[in-house]
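Have a look at the structure below, then the notes.
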Amino acid sequence: MNPKIATREQRLNALSAYYGLPGTLVNGFSLGKQMIRTFSQSNFDEILHTLYLLNSISGAGVVIHGARGCSSAEIYFNTLENENYWVSTDLDEKDSILGGEAKLKRAIEKISKHDPSIIFVVTTPIVCINADDISITEVLSEESGIPIIPIYCDGFKSRIGINGYDVASHSLAKSLFKPAQPYEKRINIISISEEERDIYELKRLLNLLGLEVNVFPRFASISNFKLATGAKASISVNTDFSDYLGKYLEEYYDIPFLQPSMPVGIESTNEWLKAVGEKFAIKDEVESLIQNETKQFDFSTYKIIRDKKIYVSSQSSISIGISGFLKELGAELVGLTISHLDDVNLSHFKNLEGNFPLHIAQGQAFELVNILKRVKPDLYIGGAGQAALAAKLGIPAISTYRLGLIGYSGAKRLAEKINNAFINPCFIHKFSTISIYKDQWYQKSPNWHIKQEVR
Amino acid sequence: MAIESPRNLCAIQGAIQSALAIKRCVPILHTTSGCGMQHYMGYGFASGCHGSPYGGISLPSTNITEKHVIFGGGSRLREQIKNTLRIVDGDLYVVLSGCAPDIVGDDSRAITKEAQDQGYPVIYAQAAGFIGNAYKGYEILLKALLKEYEKYAKLPEKIDGVVNIFGIVPGQDIFWHSDMEELKRVFASAGLRGNPIFGYDQGIEALQNIPIASLNIVFGPWGSEVAQLLHEKYGIPTLDWNYIPVGSEDTNSLLDKVAEVLKIDPERLEKLKMNEENKFSYYLERIANAYFDFGFQEKFDIIAPSSYAVGITRFLSGMGLIPNNVIITDDPPEKYRNKITEKLAFAPLNPVVFKEDLAEIEEYILKEPGNLIFGSSFEKKIAKKLNIPHIGISFPITNGVVLNKGYAGYNGCISLLEDAGSILLSHRQCINPGLKSIE
């Protein structure tokens, strides 16, 4: 099997830049039509997504094969996520001409001293452009007895950041899935980026249904991968992220892959559980569980949210999930930014209500502020590093970063956070209103710098 | 060689951080999309939760893809420069090229020059990640700013008493903001005009004042080359102070030395020094009992870049603490290493070493550990293992917010005593768990 995979653009027709009515886009969504930006801002690339995923694997050591800057994010991940070891090969000018094999060997030796259960070697643009040979990983793996898995990240072939999850998923699947004894009560939860409390919530609910829950790759150890091929079914959490591994298990190990919408909000969580109930023939038990859980959520506590106009900006599946929940809370969705569109999530946007343009962007703060100034929502719900942008425009804002949105407990947390933002919006008035953009930018259409790619 | 948990980030990240530290300066990255975000997650988070309006997801970046790598990204850069100038409001724009376009051979300098020739205040600095670490990036940016000075600024009229402050590196030196502010305040008290170049309200005007300064002071090994450039081009003398002064003794010496070069009214200087010393004595009096009763006099290990490693060690030695291991992490050039060791004055119990690799640092400390650790958040692990107090003074700090706190000068050392004292105190509270544990 090929160690490398094609990009999301190639495999799933992924699109990363757009601003316009969803109808036009969704109906005209066709193969090979790519949109690009003539002005852009830095965003989370595939290397960052790969590192985020790999870092959470239990006992993993990560070697980042490149210049030292490519490992800066490890400081962040290691603190806020999972404590693991990492080594940078610290490639310099000379290495970029002569190759960095000696440093790679040294890096693997260094990290081996910590007795990791598994070593990942992540490549970066320099290594890819120079076509550096990293086959030494096979030799060293045999010598040390520690699995060393190369992860072929380019950092520039795909514009879609989550391609990094697919790249890592592919290498993990190829190396770690082995045929296992089937167990009919086992369900795989394919979790890529969920918070610990999210996983706890899903485990709690499924355990109440008498199921054995196998979670991976998030916080997984090698044994979780081994158990995966013996499950009765796999289920996604974030439908975009889980896609690669779920389909891999289906194709190569005949494990059915359930792909209900992301369980964000009461209704979606109910549906997610019903999908499990259907597959495991425990519909009655699921019905009973749902009734018990949903009666604990009191919508009247959050009546301040009713009829409020809310803008949502997040990764695609999460945006869909939050939008659904806002509808349950009686709020009105007045704008939507999603990270990307592709064959996997397209159908969700066919049924999007509301006559507002759909914005597709990862980051791109300049487009966000232009849109927000026009839309003027009562509240902005954004991901990491975004809420402050809205606040500076005088719009109450919340960030969903590290909140934990999943399940019934996630719904409560999200509702509380939105509630607080409406109860006390004082903070937003403390910011300077000076924008870093010139006035003339706000007069242009938000998609001024989005053009069709000329091949 | 390969480095475990590197704490000195790469050249382009250092250049980005320094550019963002200049008011209304807009970096324009010509590189793959991840560089800007890695900067944000490194400096933005680990230097005290440091955001910037032009940084993070607002950082202009060409985000080059495969076709730019194969066919060249020059036209993408040209387009990005043009559009950044159109929509982002700034006084100065700095094009920074990263690893990928540099390897591929894009002539970013020539493309930037096209915009310069049309009269735009845009300059270029080559600071790709593989060129070196963030300290190098800081130097590269400053050199580029000075070399291309005429393209964005006119030489203003000479003002007396301007003192350029070099060697304190935004981001890598966690308390850079406050330390520069304190030095500025100290110089102002002496009738001079400190020019930190980076920080609050430091924009084009601060840059314009660099060539008309009366003195350069370099507070560490980084920035000497820049001072040298200024000396060659504008005849400005340089004082190599080599470390950040912490406490009244060292700040007094600094002012005395500066007074040899610049005109400071001697009476004013004496009054200033006396006032600051008295203020320090007053505060010291307040914690005198705590110092003895809670055992502040300990052997300590310090893991920090040169500027703080020397400055803080000197101050703590002056407070009666005993330097045990001094590990310097910023990989200074060979020619500075002797100077650093000399300046320590009070010799540490173990030889001063220069290390960056986390495993090597931990191994060295474990040979003969002290009873206190002053270091980065990476050192918390070993402090926990040894069950000793840990005080965060160097990059990365992953559990703190740093706004205008610092340890330099007259005011800073009081903050240092507060922070170190607080941590010591709370650590002491845990060592008498009560009789229950021995029942």
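So that the names make sense, note that chain A is the first sequence line, chain B the second, and so on, each numbered from 1. Just the heavy atoms: all of them, side chains too, but no hydrogens, waters or symmetry mates, feed the values below.
- Between A/K444 atom NZ and A/N370 atom CG the span is 10.0 Å, to the nearest 0.5 Å.
- For the pair B/E379 (side chain) and B/S376 (backbone), a donor-acceptor distance under 3.5 Å is present.
- Looking at A/Q440, only its side chain comes within 4.5 Å of chain B, counting heavy atoms on both sides.
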Exercise. Going through the checks in order, is the salt bridge (charged side-chain N to carboxylate O under 4.0 Å, His left out) test met by B/K385 and B/E362?
Worked result: CA-CA 11 Å; B/K385 188 174 183 172; B/E362 288 182 347; over 6 Å; no
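- With A/Q34 contributing its side chain and A/A14 its backbone, the two residues share a donor-acceptor pair below 3.5 Å.
- Options B/P60, B/G56, B/G42 differ in how many heavy-atom pairs under 4.5 Å they form with chain A, and the most are formed by B/P60.
- Of the two parts of B/T31, neither the backbone nor the side chain holds a non-hydrogen atom closer than 4.5 Å to a non-hydrogen atom of chain A.
- Of the N and O atoms on the side chains of A/S445 and A/N447, at least one donor lies less than 3.5 Å from an acceptor on the other residue.
- For the options A/A365, A/G100, A/P125, A/S72, heavy-atom pairs under 4.5 Å to chain B are most numerous at A/S72.
- A tilted orientation is assigned to the rings of A/W441 and A/F366, their planes being inclined by 30° to 60°.
- Contact annotation for B/V26: neither backbone nor side-chain heavy atoms come within less than 4.5 Å of a heavy atom of chain A.
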Problem set entry | Derivation of the side-chain hydrogen bond (donor to acceptor under 3.5 Å, both in side chains) call for A/Q364 and A/H449 | CA-CA 11 Å; A/Q364 308 316 317; A/H449 290 286; over 6 Å; no
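- Residue contact with chain B, scored on non-hydrogen atoms closer than 4.5 Å, involves the side chain of A/N130 exclusively.
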Problem set entry | Intermediate values then yes/no, side-chain hydrogen bond (donor to acceptor under 3.5 Å, both in side chains), A/H65 and A/T89 | CA-CA 5 Å; A/H65 192 24; A/T89 52; 2.9 Å; yes
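- With respect to chain A, the highest number of heavy-atom pairs below 4.5 Å among B/T84, B/I28, B/I64 belongs to B/T84.
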Side-chain atoms of residues 152-162 of chain A: list all donor-acceptor pairs with protein atoms under 3.5 Å, sequence neighbours left out, distances to 0.1 Å.
{"residue": "A/S158", "atom": "OG", "partner": "A/E9", "partner atom": "OE1", "Å": "2.8"}
{"residue": "A/S158", "atom": "OG", "partner": "A/I160", "partner atom": "N", "Å": "3.0"}
{"residue": "A/S158", "atom": "OG", "partner": "A/I160", "partner atom": "O", "Å": "3.4"}

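- Looking at B/P396, the atoms closer than 4.5 Å to chain A (heavy atoms on both sides) all sit in the side chain, from C-beta outward.
- Heavy atoms closer than 4.5 Å to chain B are found in both the backbone and the side chain of A/T38.
- Within the 4.5 angstrom heavy-atom criterion, only side-chain atoms of B/R76, from C-beta onward, approach chain A.
- Rounding to the nearest 0.5 Å gives a distance of 9.0 Å between NE2 of B/H50 and CG of B/L20.
- For B/Y43, no part sits under 4.5 Å from any heavy atom of chain A, backbone or side chain.
- Looking at A/L48, only its side chain comes within 4.5 Å of chain B, counting heavy atoms on both sides.
- The most heavy-atom pairs under 4.5 Å with chain B, out of A/K113, A/E109, A/E93, A/E74, come from A/E93.
- When each of B/G34, B/G129, B/G44 is scored by its heavy-atom pairs under 4.5 Å with chain A, the top score falls to B/G34.
- If you tally non-hydrogen atom pairs under 4.5 Å between each of A/V87, A/I111, A/L104, A/I108 and chain B, the highest count goes to A/V87.
- With a threshold of 4.5 angstrom between heavy atoms, A/K105 does not approach chain B through any atom at all.
- Using a 4.5 Å cut-off between heavy atoms, B/L9 contacts chain A through both its backbone and its side chain.
- Residue A/I434: no heavy atom, backbone or side chain, is found under 4.5 Å from chain B.
- Proximity to chain A (any heavy atom under 4.5 Å) is shown, for B/I397, by neither the backbone nor the side chain.
- The CZ atom of B/R7 lies 5.5 Å from the OG1 atom of B/T329; values are rounded to the nearest 0.5 Å.
- Between A/D92 and A/K103, at least one side-chain N (NZ, or NE/NH1/NH2) sits under 4.0 Å from a carboxylate O, which counts as a salt bridge.
- No other option in B/T32, B/N133, B/I12, B/T65 has as many heavy-atom pairs under 4.5 Å with chain A as B/T65.
- For B/V88, the parts lying under 4.5 angstrom from a heavy atom of chain A are both the backbone and the side chain.
- In this structure, the portion of A/I47 lying under 4.5 Å from any heavy atom of chain B is its side chain and not its backbone.
- The local environment of OH in B/Y200 is sparse, with at most 12 non-hydrogen atoms from other residues, nucleotides or ligands closer than 6.0 Å.
- Heavy atoms of B/N8 lying under 4.5 Å from chain A belong to its backbone as well as its side chain.
- Of the listed residues (B/Q38, B/K82, B/E79, B/R86), the greatest number of heavy-atom pairs within a distance under 4.5 Å of chain A belongs to B/Q38.
- Ion pairing of B/R24 with B/D89 is present here, as a side-chain N (NZ or NE/NH1/NH2) and a carboxylate O approach within less than 4.0 Å.
- With respect to A/K110 and B/E360, a salt bridge is recorded, a charged nitrogen being found less than 4.0 Å from a carboxylate O.
- Each of A/C128, A/A107, A/A384, A/C70 has some count of heavy-atom pairs under 4.5 Å with chain B, and the biggest count is that of A/C70.
- Of the atoms belonging to B/F395, it is side-chain heavy atoms, and not backbone ones, that fall under 4.5 Å from chain A.
- In this structure, chain A has a heavy atom under 4.5 Å from the side chain of B/D357, while its backbone stays farther away.
- Looking at A/F77, the atoms closer than 4.5 Å to chain B (heavy atoms on both sides) all sit in the side chain, from C-beta outward.
- Within the 4.5 angstrom heavy-atom criterion, only side-chain atoms of B/Q13, from C-beta onward, approach chain A.
- Considering only heavy atoms from C-beta on, B/F130 comes within 4.5 Å of B/D102 through its side chain.
- Residues that satisfy the side chain to side chain donor-acceptor pair (under 3.5 Å) test with B/K381, not counting sequence neighbours, are A/Y85.
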